[in-house]
Student: 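Have a look at the structure that comes next, please.
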Amino acid sequence: MATYLNMTINLILSLLLFLISTKSSADHLTDTFTECLKNQSDPTFPVTGIIYTPANSSFSSTFHAYIRNPVFDNSTRTKPSLIITPLHVSHIQAAVICARKHGLQMRVRSGGHDYEGLSYLSYSPSPFFILDMFNLRSVDVNIEQETVWVQIGATLGEVYYRIAEKSNVHGLPGGVCPTVAVGGHCSGGGYGNMVRKFGLTVDLIFDALLVDVNGALLDRASMGEELFWAITGGGGASFGVILAFGFELARVPPKVTVFNVKRTSEENITNIAYKWFQVAHKLDNELFIRMSFDVVNNTEGMKNIRASFPSLFLGNSTRLLSLMDNSFPELGLNESDCVEMSWIESTLVYAEFPVGTPVEALLSRVQQPERDRPFKIKSDFLKEPISRKGLKSIFKKMKELENQMVTFSPLSGRMEEISEFAKPFPHRAGNIAMIEYETYWNQTGTKAANKYREFSRMMQEHMTPYVSKNPREAFFNYRDLDNGVNHHGMNSYEEGMVYGLRYFKEVNYNRLVMVKTMVDPDNFFKDEQSIPPLQSSYEVI
Ligand SMILES: Cc1cc2nc3c(=O)[nH]c(=O)nc-3n(C[C@H](O)[C@H](O)[C@H](O)COP(=O)(O)OP(=O)(O)OC[C@H]3O[C@@H](n4cnc5c(N)ncnc54)[C@H](O)[C@@H]3O)c2cc1C
Ligand SMILES: *[C@@H]1O[C@H](CO)[C@@H](O)[C@H](O)[C@H]1NC(C)=O
Ligand SMILES: *[C@@H]1O[C@H](CO)[C@@H](O)[C@H](O)[C@H]1NC(C)=O
Ligand SMILES: *[C@@H]1O[C@H](CO)[C@@H](O)[C@H](O)[C@H]1NC(C)=O
Ligand SMILES: *[C@@H]1O[C@H](CO)[C@@H](O)[C@H](O)[C@H]1NC(C)=O
Ligand SMILES: *[C@@H]1O[C@H](CO)[C@@H](O)[C@H](O)[C@H]1NC(C)=O
Ligand SMILES: *[C@@H]1O[C@H](CO)[C@@H](O)[C@H](O)[C@H]1NC(C)=O
Ligand SMILES: *[C@@H]1O[C@H](CO)[C@@H](O)[C@H](O)[C@H]1NC(C)=O
Ligand SMILES: *[C@@H]1O[C@H](CO)[C@@H](O)[C@H](O)[C@H]1NC(C)=O
């Protein structure tokens, strides 16, 4: 008994000592790191004013400013010991060099929309800092060359706005949420409503600027084609700090047509959805029809399936209506459903701003209120149409669970013409749609979060018979730790394979591992779902 007590006391004492020593060594680490930053940085661009420690009064507001999922506001994961907000490339270079020199870990955040908060929280107990890129946001449009150079802290809304300021017949295919930043979005794929006409955002990248693990600033020519390939879909977080991307502009017509019809009769929805699976991927490339199911209360207070079809047509409504009459009459689209507008106005409508909102709303960095709630996202890929029986069973499950939204977004068109090896994103020909599971909830706290995340898992589990298998594919930009995690970025090839095959499939995963081994063999750039180097020579924490 006494021995047992002694052992317990010893254990507690050593634990306390451990805690005290790690605490003070963390402080020491951040102090020497900060000193190194000051030593290292270019005197023309001093680092004063860009270093936030928890002692700074604005540390907390800076940390929270770019948390785009409130579920992570009160997370128990490791929070940053420092936040660095670079104003100049030399600050990024100094941060990388000093972090490696002093063994401090790093996360890079551009817009903070990561669905798992990987850009600002860590599962590892090791201290880390955030390199917060929101100040680096220039957008240089060149209409003569039909290109745009964008710094990664710019939001999609800012990019779309700046393009439209110069031309009403140019645009960029990309995501529909205007506050998403270029940094994460365009290094991780970039899916949007012009995908059937132009492909993903990464398909239009022609050049990039990146700070590598040695602090060198590289462009496409100096980084080489393999690294350039990796950061155009394989994510930035494994390979370096991306500073900017150059994109070719897409040519859009001066007027596009949008509609978003909704249907609530379950019998009709089943018929329409059944037809959607047959035709949505075979329609003209100019036409993008998304299909989204959620559950609403009907007038009797009973749960009812609702289907929404938010859509974009790169042409006029006359042509759209004749196309729909020929290929998809089941939807019952009529003239009064269709609104013609400029492409830039369509980006606002698609982001669910009320009709008539000035386009300047795209410049706002404030999250729309209905988005600013806790949520969980998952993804799947659909290769075969779902039967009527299957649809009924999906609707039944959605009604059993709470707050489920299941969205089918078409791939196909231009996506079928691009090889699955052209970029790390492999889900090209042979896919009817990408499926997104969205679960939003209004309650705060861990209990609600656990409940709704579990509902989201159950919903996805229910979809197993209908979706891709071996591997069950997932979209890298829809980060989901249920796809597998590694040990605080200290991952092995096998561990990385669990999520790597889902996001990239085998050939692309192996190629990403080769690039990683070449450019960052000691695994400095890492997170819970990063690409591992081969023959890891680094220490486990
Ligand atoms: C409301 C909402 C709507 C969305 N809509 C779409 C959509 O329509 N289509 C779509 O494809 N996706 C969509 N997404 C997903 C989005 O594309 C990803 O979450 C994307 O990674 C966000 O980029 P970010 O820079 O805002 O996020 P961050 O959290 O800052 O970064 C995401 C990841 O990229 C890394 N990273 C960021 N910047 C850099 C950099 N400069 N260098 C290296 N690595 C970097 C981070 O470390 C992290 O791993 C949406 C997300 C949200 C929250
Ligand atoms: C910073 O520079 C000073 C003077 O050159 C040097 O004494 C010190 O060790 C340096 N600190 C770090 C953390 O590199
Ligand atoms: C944080 O506080 C320190 C000490 O008061 C100050 O020197 C520094 O400029 C502050 N940093 C920022 C980003 O405000
Ligand atoms: C269902 O579709 C049919 C045929 O298009 C239509 O006549 C009917 O009004 C629809 N029912 C509901 C409830 O919308
Ligand atoms: C739908 O009805 C249920 C119970 O009848 C209620 O709890 C729920 O809040 C309602 N949902 C909405 C969105 O009104
Ligand atoms: C609609 O577009 C087609 C070509 O796509 C064109 O022939 C037709 O004149 C246009 N109609 C109107 C009303 O603008
Ligand atoms: C067009 O369809 C909508 C429903 O989507 C309906 O409310 C409207 O009455 C229809 N208009 C015409 C002219 O048929
Ligand atoms: C949850 O909040 C959203 C957005 O504020 C609101 O539209 C919705 O009705 C709320 N749901 C419930 C069940 O209260
Ligand atoms: C986080 O904690 C604060 C303070 O306790 C609370 O007001 C807030 O609602 C919490 N947020 C979430 C999303 O749980």
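Only heavy atoms go into these numbers, but all of them, side chains included; no hydrogens, no water, no symmetry mates. Whatever order the structure lists them in is the order used to number ligands and atoms, beginning at 1.
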Student: Is the distance from the ring center of Phe375 to that of Tyr440 below 6.0 Å?
Tutor: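 Ring-ring flag for Phe375/Tyr440: true, centres closer than 6.0 Å.
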Student: Can you list the atoms of ligand 3 that are under 4.0 Å from a heavy atom of Gly49?
Tutor: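 The list of qualifying atoms is 13 (C).
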Student: Does a side chain donor of either Ser58 or Asn56 reach within less than 3.5 Å of an acceptor in the other side chain?
Tutor: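 Distance-only check fails for Ser58 and Asn56.
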Student: Tyr120 and Tyr66: aromatic ring centres closer than 6.0 Å?
Tutor: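 That pair fails the under 6.0 Å test.
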Student: Glu436: what forms a salt bridge (charged side-chain N to carboxylate O under 4.0 Å, His left out) with it, not counting sequence neighbours?
Tutor: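 Partners of Glu436 under the salt bridge (charged side-chain N to carboxylate O under 4.0 Å, His left out) test: none.
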Student: Would Asn56 count as being in polar contact with ligand 3, using the rule that some N or O on each side must be under 3.5 angstrom apart?
Tutor: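 It does: an N or O of Asn56 is found under 3.5 Å from an N or O of ligand 3.
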Student: List the protein residues in contact with ligand 2, where contact means a heavy-atom separation under 4.0 angstrom.
Tutor: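 Its neighbours under 4.0 Å (heavy atoms only) are Thr32, Glu35, Cys36, Asn39, Lys101, His102, given by chain and number.
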Student: Going by heavy atoms, is Thr48 under 4.0 Å from ligand 3?
Tutor: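 No, Thr48 has no heavy atoms under 4.0 Å from ligand 3.
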Student: Sequence neighbours excluded, which residues qualify as disulfide bond (SG atoms under 2.5 Å apart) partners of Cys36?
Tutor: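 With sequence neighbours excluded, Cys36 shows a disulfide bond (SG atoms under 2.5 Å apart) to Cys98, given in chain and number order.
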Student: Under the salt bridge (charged side-chain N to carboxylate O under 4.0 Å, His left out) rule, collect the residues that match up with Glu35, sequence neighbours excluded.
Tutor: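 Glu35 satisfies salt bridge (charged side-chain N to carboxylate O under 4.0 Å, His left out) with no other residue.
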Student: Decide whether Arg388 and Asn271 meet the rule of one side-chain donor and one side-chain acceptor closer than 3.5 Å.
Tutor: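 Per modelled atom types, Arg388 and Asn271 side chains form a pair under 3.5 Å.
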